[in-house]
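Counting starts at 1 for both ligands and their atoms, in listed order.
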Amino acid sequence: MRLSVDTIRVEVASGATVLDAVRAAGAVVPTLCYDERLTPQGSCRVCLVGIRGRAMPACTTPAADGMEIRTGDETARRSAQLALELLVSQLPARALDIPAERSELVRACQHFGLTRSRFDGATRDAGADHSHPYVKLDRDLCIACSRCVGMCAEVQGTFALSLAGRGFETVVVAGTGGPWVTSPCVACGGCVDTCPSGALSEPGLADPRPIGRTTTTTCGYCGVGCSLRVHERDGSVAAITPAHDGPVNRGHACVKGRFAHAFTRSRDRLTTPLVRDGGRDSPLRPASWQEALTFAATRLAAIRDRHGPDAIGMISSARATNEENYLAQKFARAVLGTNNIDNCSRLCHAPSAVGLAASFGHAGGTNSVDDLDHTDCILIAGANPTEAHPVIGARIKQLVLRGARLIVIDPRRIDLAEMADVHVQARPGSNVAVFNGIARVLLDEGYADQDFLRSRASGLAELTALLADHPPDRAARLAGVAPETLVAAARLYGAARRPAIVYGLGITEHAHGTDGVRTLANLAILKGAVGTPDCCGVLSMRGQNNVQGASDMGALPDMLPGYQRVTDAGVRARFNRAWRAEVPARPGLRILDMFASAIAGRVRAMYVIGEDIAQTDPDSGNVRRALAACDLVVNHDVFLSTTAEHADVVFPAVPFLEKDGTFVNFDRRVQRVRPALDPPGQARSDFDILHLLARAMGADLGCPTPADAMAECATLTPTFAGISHARLDRDGPLHWPCRSPDQPGEGRLYLDSFATPDGRAALAARPYLPPGEQADTTFPYVLITGRRLVHYNSGSMSRRTPNHQLRPHEVLDLHPDDAARLGLADGDLVEVTSRRATVTYPVHLTDTVTPGQLFTTFSFPDTPTNALTSDATDTDTGCPEYKITAVSLSPVRAGRRVESRRRTADRLWR
Ligand SMILES: Nc1nc2c(c(=O)[nH]1)N[C@H]1C(S)=C(S)[C@@H](COP(=O)(O)OP(=O)(O)OC[C@H]3O[C@@H](n4cnc5c(=O)[nH]c(N)nc54)[C@H](O)[C@@H]3O)O[C@H]1N2
Ligand SMILES: Nc1nc2c(c(=O)[nH]1)N[C@H]1C(S)=C(S)[C@@H](COP(=O)(O)OP(=O)(O)OC[C@H]3O[C@@H](n4cnc5c(=O)[nH]c(N)nc54)[C@H](O)[C@@H]3O)O[C@H]1N2
Ligand SMILES: [Mo]
């Protein structure tokens, strides 16, 4: 459409509004109730423009071909100014004290030349609500524009906010109107972000002092990879806002990425190296870099020379950048001479890497998250995105509100189960049975895409044979659900035109996690819903900010960067030439095997970067025994973690907000990470620490800067060959594979063929097998472990922020029927005993868990959940069975509280 705005001619797409045309022409019309992310309301009357002599709201009037828009039209301008004057006459004068760049209201007033004198002072005194640590409400500044209500409903999908009261008394309320902190608000920050008047604000931005520099970077909490704008003031983070052009988050964020940054200036940040040189019972003491580096280097070299390179086990960090992980695996292979390097993906999505690669070819999700926009049915299995990947959880809610069907497969009634068409509340560990049951229905009832199966898939005969004795009622029995529920789920998925699969740790962290991934992938193959135009594929909700990248960079015992096998002589030869080193041919140890080898005396040193193995790895009593058995433990961390407490040398590392490099998010997007702050004290990046330690051992790792490391990796790794910092800075994020500098990355994979040896998607015939650990008469409950919204993994970061006020300690979710049987009330203490330890928790009564099942997290050192978890692991990958621990419960009678805590500690040190 062609039209004119104040004589400037512009062209806009069909469906555009007059406001779009005005902005395309570069003209300025103030708005108050408008936010491009929300349904326009046209209620504030401040954006009036003249069209054919009439005053029309720009935000709701559709643009039309040949239209002549006048932003300076006298009638429109006068009416708009009147509307604004009426509005501000009700506001206290402080509404104008807010700096213009933070208040659309102030900017609108400036536009119309309205000054302070028009503010007659407060005519109401509704007061403030500062109960929430992040979201502050000044009711007297509320102009009832309803944008916050729109954000909470349309973007976040939480529906926590509404407008209450009449006329000028109208004001936003959270929940039922009590203190904000007690409402269902999840503190995504969307309301604060959209508020035009300052009624809703956050502490960092309410501060009138000016912001220093603002840096665009990628969030370092979960694997969604939100683009954030970090605003610095006086050397610390003043505030973080979501980048509105962020390709994944599209202007949204969550309570962690957006608000939980205070940990960066926590008083207990490590700011100098620490050394323990008086034996294991002596304390760690501050040391100079020179001293600590020499200490670590001489001992590592001595162990390598005396016991061989494989006596050292190295764990690299899924929290660190690609470039740091690239250096870490180069350090292990080229400096130490061992393939004993692994990363946290082992505990998390190793079954995804192996399972997806076997089914489709690449060790990552099959599609870009953007493809979700086109789906008509989402199957979520073993993932809880509204808590663990909140921005994606919000996106899924938006899709369901717009009409997409939703299937949830989860033993707990998670938030999304409330809006699901079908909730298959399957027993933990029954995934393979459930997916085989669904596959059988897809085949039996004609939902399978036979053309796709003939031309693009393999393994149908074997799968069909296996499914002969997997009828849906057997699957339903194993899963503990009604057969009709399973069939209903299968029919919904089967009937969808563009179904999407989204899954998480409820599939992978099991004794048969890889089988779970493969039998889930079968469903997409049977439907022809992967590798085809318009397909939505299979998305694995990768966990940590860079767990995809840590594996992509080769921090794995059997793979060099880009999943090139260490056993391949040709691959090794290329790396040997480039590195002037000898990459060992034999695959190294996985994380849990490193612990077993340490206890057996074969591994003598552990070098752990940014993973709190003593708190987060399974059966932590065993981990501590492994650490105690080593001659040397080297650790980098931002804080004195539980693991650091067992180390001989601790190097003070810096978190994502203070470093340079890249992360890979869950949909294989390589994104830039930029330093927004200077590190405190003598803390340094993992990149620098690895270089310094290599140098102290007489070696040179090359690639002096992160950009150089990415460049070196690109020359050695075909799937990243087209990626460089310069290109990312110029063009923005890129999906891998990206094979040359002139190629865009591939978001949707396999359109021509799958990357398997025969080019076909591989169906897998995997039978249901029972879990590694099961409930019995001594340990009759199944403990499920996982995530809650406000804390993150070990909690080392989130506990050092006001998120702690939102959840100050851990609880054990228990069904009210079980509680009644045990005589427990909400908040009572209960001892949870597994075959390995006892830990005491306060109980939280909730019917989101079924009777016989329990739920908790592992984010608090004083409730050490992983003392309980077992050493059972996935047969294909060694991923721990975190999702099933058989336990017994014993109520703690008053007075026994202290004693039980002490017993926990004793057992840990056994
Ligand atoms: N707030 C927050 N966000 C996080 C993290 C955090 O600690 N806190 N950690 C990050 C990390 S590292 C990761 S890996 C991701 C994890 O993200 P998710 O995988 O979404 O999180 P979990 O809560 O561990 O597990 C997901 C669900 O699996 C279900 N489940 C358990 N057993 C089974 C089963 O046998 N079958 C099925 N179908 N479901 C089952 C659980 O009930 C749970 O709801 O989150 C990331 N994001
Ligand atoms: N029971 C149970 N246990 C689990 C799970 C479960 O579901 N249930 N999930 C498992 C999963 S999926 C995961 S991913 C793990 C996570 O376990 P961890 O990786 O141990 O936990 P995190 O808190 O993510 O981070 C580890 C450490 O890295 C530090 N850190 C942060 N950024 C940096 C950095 O840039 N450099 C360095 N050097 N250090 C940094 C933090 O301070 C923290 O001490 O937990 C696993 N443990
Ligand atoms: Mo994870």
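- Remark: among candidates H636, E611, Q544, E881, the nearest residue to atom 14 (S) of ligand 2 is Q544, based on non-hydrogen atoms.
- Contact atoms of ligand 1 toward R788: 1 (N), 2 (C), 8 (N) (distance under 4.0 Å to a heavy atom of the residue).
- You'll find the side chain of F666 stays beyond 4.5 Å of the side chain of Q544, heavy atoms only.
- Between the side chains of R319 and N545, a donor-acceptor pair is found at a separation under 3.5 Å.
- For the ligand labelled ligand 2, residue E324 lies outside the 4.0 Å heavy-atom shell.
- Close approach to C348 involves these atoms of ligand 1, each under 4.0 Å from a residue heavy atom: 14 (S).
- Remark: of the listed residues Q853, R788, H844, R412, R788 is the sole one forming a side chain to side chain donor-acceptor pair (under 3.5 Å) with D813.
- By heavy-atom distance, the residue among T616, L868, D612 lying nearest atom 46 (C) of ligand 2 is T616.
- Listed by number with element, the atoms of ligand 1 under 4.0 angstrom from any heavy atom of I784 are 31 (C).
- Of all protein heavy atoms, the one lying nearest to atom 1 (N) of ligand 2 is N866 OD1, 2.8 Å.
- Of all the heavy atoms of H510, the ones lying under 4.0 Å from any atom of ligand 1 belong exclusively to the side chain.
- None of L270, L274, L293 except one satisfies the side-chain contact (heavy atoms from CB on, under 4.5 Å) rule with F651; the exception is L293.
- No option in L868, T840, T856 other than L868 meets the side-chain contact (heavy atoms from CB on, under 4.5 Å) test with V832.
- For atom 11 (C) of ligand 2, the nearest protein heavy atom (residue, atom name, distance) is R787 NH2, 3.4 Å.
- Checking only distances, R319 does come within under 3.5 Å of ligand 2, N or O to N or O.
- Of the N or O atoms in T785, one or more lie within a sub-3.5 Å distance of an N or O in ligand 2.
- The shortest side-chain heavy-atom distance between L520 and N431 does not fall under the 4.5 Å cut-off.
- The pair E658-R265 meets the salt-bridge criterion, since a charged nitrogen lies less than 4.0 angstrom from a carboxylate oxygen.
- In this model, a donor atom of one side chain and an acceptor atom of the other lie less than 3.5 Å apart for T857 and E810.
- Exactly one residue among S796, S798, S859 makes a side chain to side chain donor-acceptor pair (under 3.5 Å) with H791. That residue is S798.
- Close N/O approach between I409 and ligand 1 is found [any backbone or side-chain N/O within under 3.5 Å].
- Side chains of Y781 and L783 form no contact here, defined as non-hydrogen atoms less than 4.5 Å apart.
- Residue contact check: E387 has heavy atoms under 4.0 Å from atoms 1 (N), 2 (C), 3 (N) of ligand 1.
- Taking 4.5 Å as the limit, every side-chain heavy atom of I380 sits out of range of all side-chain heavy atoms of D410.
- Against a heavy-atom cut-off of under 4.0 Å, L347 is close to the following atoms of ligand 2: 10 (C), 11 (C), 12 (S).
- Close contacts of ligand 2 with E509, meaning ligand atoms under 4.0 Å from a residue heavy atom, involve 5 (C), 6 (C), 7 (O), 9 (N), 10 (C), 11 (C), 12 (S).
- In terms of protein heavy atoms, atom 6 (C) of ligand 2 is closest to F858 CE2, 3.4 Å.
- Near L789, meaning under 4.0 Å from any of its heavy atoms, are these atoms of ligand 1: 1 (N).
- Counting protein heavy atoms only, atom 39 (N) of ligand 2 is closest to G610 CA, 3.2 Å.
- Taking all heavy atoms of D637, T857, V654, N793 into account, the minimum distance to atom 42 (O) of ligand 2 is reached by D637.
- At a 4.0 Å cut-off, at least one heavy atom of K883 sits close enough to ligand 2 to count as contact.
- Among F651, Y882, F639, the residue whose heavy atom lies closest to atom 2 (C) of ligand 2 is Y882.
- Using a 4.0 angstrom heavy-atom cutoff, T643 does not count as in contact with ligand 2.
- Shortest contact from atom 37 (C) of ligand 2 to any protein heavy atom: D686 OD2, 3.5 Å.
- Side-chain contact annotation: D515 with Y768, donor-acceptor N/O pair under 3.5 Å absent.
- For atom 23 (O) of ligand 2, the closest heavy atom belonging to the protein is S794 OG, 2.6 Å.
- Within the 4.0 Å heavy-atom shell around ligand 2 one finds M797.
- When hydrogens are left out, the protein atom nearest atom 35 (O) of ligand 2 is K659 NZ, 2.7 Å; that is the closest non-hydrogen contact.
- Within the structure, ligand 2 has C344 among the residues with a heavy atom less than 4.0 angstrom away.
- Taking a cut-off of under 4.0 Å to the non-hydrogen atoms of G429, the atoms of ligand 1 that pass are 34 (C), 35 (O).
- With hydrogens left out, the protein atom closest to atom 13 (C) of ligand 1 is G543 CA, 3.0 Å, a heavy atom.
- No option in D688, T321, D686 other than D686 meets the side chain to side chain donor-acceptor pair (under 3.5 Å) test with K659.
- Closest to atom 40 (C) of ligand 2 among all protein heavy atoms lies V638 CG2, 3.7 Å.
- Ligand 2 has no nitrogen or oxygen under 3.5 angstrom from a nitrogen or oxygen of L505.
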**OP:** Might you work through the side-chain contact (heavy atoms from CB on, under 4.5 Å) test for L806 and V255, ending with a clear yes or no?
**Re:** CA-CA 10 Å; L806 297 172; V255 62; 4.2 Å; yes
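- In this structure the side chain of E323 reaches within 4.5 angstrom of the side chain of F687, judged on heavy atoms.
- Geometrically, ligand 2 and T865 share no nitrogen or oxygen pair separated by less than 3.5 Å.
- Numbered from 1 in the order shown, with element, the atoms of ligand 1 that lie under 4.0 Å from a heavy atom of C222 read 46 (C), 47 (N).
- Residues passing the side chain to side chain contact (heavy atoms under 4.5 Å, CB included) test with S266 are D268, F639, R800, sequence neighbours excluded.
- Contact atoms of ligand 1 toward H791: 1 (N), 2 (C), 6 (C), 7 (O), 8 (N) (distance under 4.0 Å to a heavy atom of the residue).
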